[in-house]
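Both backbone and side-chain heavy atoms feed into the values below; hydrogens, waters and symmetry mates do not. Quick note on labels: first sequence line is chain A, next is B, and so on, each numbered from 1.
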Amino acid sequence: MEKYRDYTAVDFLNDESFLKWLTNPGQTENDFWHDFIQKHPYKKAEIKEATVVFKLFHSNEEKLDLNETYELWTRIQREAKVSTRTVFLKFMKYAAILLLVFLSGGVTYYFIQHPEKPYYFELAETVPPAGKEARIILADGSEVSLEKQISEISYSTNGRQLIVNNDTINQQSGTQKEQINKVIIPYGKKSMIVLSDGTKVWLNAGSQLIYPSVFVNKTRQVMLIGEAYFDVAKNPDKPFIVRASDMYVHVVGTRFDISAYPEDKMIQTVLEEGKVNLTYSGKGILKEEYVVEMVPNQKFELDISTGQAKSQMVDVSKYVSWKDGMLEFDKVDLIRALKQVERYYNIRIRLANPMIGLYKLSGKLDLKDEPEEVLNVIKLTVPIDWQKKSNGDFVILGK
Amino acid sequence: MHTVENKSDERLLWTRFLKGDNQVLSLIYLQHSNSLFDYGCRFTNDKDLVKDCIQEVFCSLMRTRHNLSETDNIRLYLLKSLKRKIISELKKHNSQTRILTDQDYPFDLHWSENMDEQLNDLDEEKRQLLTDAMQSLTERQKEAIYLRFNRGLEYEEISFLLNLNYQSSRALIHRAIEKLRQIIHVPNKKINQYLFCILHKRSEPVFEHEN
């Protein structure tokens, strides 16, 4: 702090820490400079002057809206796929020649390749930042951390104000474009968000939701990684669309749950009430699009790697009970149930023997308890035992 | 968002990408797409061209991954690639209007939104001086100022993007700051205060401890 005592406005503008405070302040910068101004009131004039010059030089920014961001990313992905395919074809040409050579020598040669696999990624952090803070990233890039275990976020109808756990935050919305906000919830946390149109979203542990602060386009679009339960506000003029990995969910006004954790390699949608259309693209060369109309109490599952889809009627409450701190299972593979427990408590559970994972589990788990208690409850229904390792990991043993 | 912690995050992402993890590229894309788009739009009004160039930058990033090193600064690498791409595209298409070279290309630096309106409250002479000062900036000076005050880059990073040495890029910005400061910093304290107030109305509560 000493060196700043003789600083002029120009010196301040040359200083990296000062500039960071003006462009992209974090907690450190805010604390430091507020403290500095308080302790050195005679520097106020110089700092003000530096700030004025900064404001004159700082110009408005062009931003991509949610649609453009997604569109551009899709183009990049597509282009990347095409280029790997040409590389693969070139490779095949030489391979074919080699194969001929080998065949003429009477030798057969095998090789396996996966031309489709290499470039697949999603428009978000596919690996949720475990152990990190839950946070909202606002349109201007600034971050607000959500300190609570279960956070509540709500937007005013004009999107300019949001209330986070009772604190009010203002954000600018000067332009016509959609201002993209993003909520990141790590493992072990949850959040409830009320969007500017009144739609309620319960975001489960290890999930991310990307959405505009106000819906200005013809459709209301959000993007989901992980699991969320939606209670969509009715608005027939502006359909609500959820994009999740390989699938779009087109909604008119309804309550449903989507689970699309990247590590699960499958997307599951359960409709509680109302009407939704699912659009997903099949695998294979043609990549044709399929549309499925869902009815209440229907569950639809899409296997991302094979493109296979199946649907059945279910008891919806079992799939949406997580938002109330409960997990309900009805003949679910133990491995899937444990995966949900892992996410909820942000712990690691390993199986001593992979076969254990195939036990079917039914029943209710109250997630307000400690993970140990939850495992003890599971122990009552399937023949397993568990141990806690010194590093905090749990190991499930067969009996 | 470039705290020390985020810088190490960024490094981690980059390392993972270089090791062949394509999943993190989407994160790199999300982090940088808006700054790249804005930077690109400073060179041309053709937004589709900017998007095409961003697409090309990310595609070539995947192709040339094996030539990149872990010590690279992603943000700088992306900004530089985008700039190079856009200028070469502009050279191809706009050659009839203006001859572009690698050191001579237009760069747009405009007042912030509502700035015109706010400056209207100011006395005529002062406003004219400020407008003149802004207009007298060279294109390279504008770019340096943009990189410093919008992108928040360090002088070394700016020199890299402008192909200048550290001293020259620092001097470019310094001269521009001095010019504006002299106009604002007049004996007439009242105007100074007033200007400060109107410019500060819209901003975050930076001086909340002030009485």
Supply the atom-to-atom distance A:K63 NZ to B:C41 SG, rounded to the nearest 0.5 angstrom. 12.5 Å

Once rounded to the nearest 0.5 Å, what's the spacing between atom CD of A:E49 and atom CZ of B:R181? 5.0 Å

When A:E62 is tested against each of B:R42, B:K51, B:K47 for salt bridge (charged side-chain N to carboxylate O under 4.0 Å, His left out), which residue passes? B:K47

Test your reading of the model: is there a side-chain donor-acceptor pair from B:Y146 to the backbone of A:F57, 3.5 Å cut-off? no

B:R170: partners by salt bridge (Lys or Arg N to Asp or Glu O under 4.0 Å), with sequence neighbours left out: none

Minimum side-chain heavy-atom gap B:F149-A:L19 below 4.5 Å: yes

Answer whether the closest heavy-atom distance between the side chains of A:T69 and B:Y29 falls below 4.5 Å. yes

Could you walk me through whether B:C59 and A:I76 satisfy the side chain to side chain contact (heavy atoms under 4.5 Å, CB included) test, starting with their C-alpha distance in whole Å, then the side-chain angles of each, then the deciding distance to 0.1 Å, before giving a yes or no? CA-CA 6 Å; B:C59 290; A:I76 294 170; 4.3 Å; yes

Chain A contact via B:D52 - which portion, at a heavy-atom distance below 4.5 Å: both

Could you tell me which portion of A:D15 (side chain, backbone, both or neither) has an atom closer than 4.5 angstrom to a non-hydrogen atom of chain B? backbone

Below 4.5 Å from any heavy atom of chain A, which atoms of B:E178 appear? Answer side chain, backbone, both or neither. side chain

At a 4.5 Å cut-off on heavy atoms, which part of A:N14 comes close to chain B: side chain, backbone, both, or neither? both

Does a sphere of radius 6.0 Å around CD in B:E156 hold more than 12 heavy atoms from other residues, nucleotides or ligands, not counting ones at 6.0 Å or beyond? no

Side chain, backbone, both or neither of B:Y39 within contact of chain A (heavy atoms, under 4.5 Å): neither

Whether B:N34 side chain and A:L64 backbone form a donor-acceptor pair below 3.5 Å: yes

With a 4.5 angstrom heavy-atom cut-off, could you sort out which part of B:I177 is near chain A: side chain, backbone, both or neither? both

Which atoms of B:L137 are under 4.5 Å from chain A, going by heavy atoms: the side chain, the backbone, both sets, or neither? side chain

Take A:W73 and B:L25 through the side chain to side chain contact (heavy atoms under 4.5 Å, CB included) test and state the conclusion after the steps. CA-CA 10 Å; A:W73 180 244; B:L25 190 66; 4.1 Å; yes

Keeping B:N150 on the side-chain end and A:S59 on the backbone end, is there a donor-acceptor pair under 3.5 Å? yes

Salt bridge or not for B:R151 and A:E61, using N-O below 4.0 Å? yes

Name all residues meeting the side-chain hydrogen bond (donor to acceptor under 3.5 Å, both in side chains) criterion together with B:S159; count only those two or more places apart in sequence or in a different chain, and write none if there are none. B:S169

With heavy-atom distances below 4.5 Å as the criterion, would you say the side chains of B:H174 and A:L13 are in contact? no

Distance, nearest 0.5 Å, that separates CG of B:L180 from NZ of A:K55: 14.5 Å

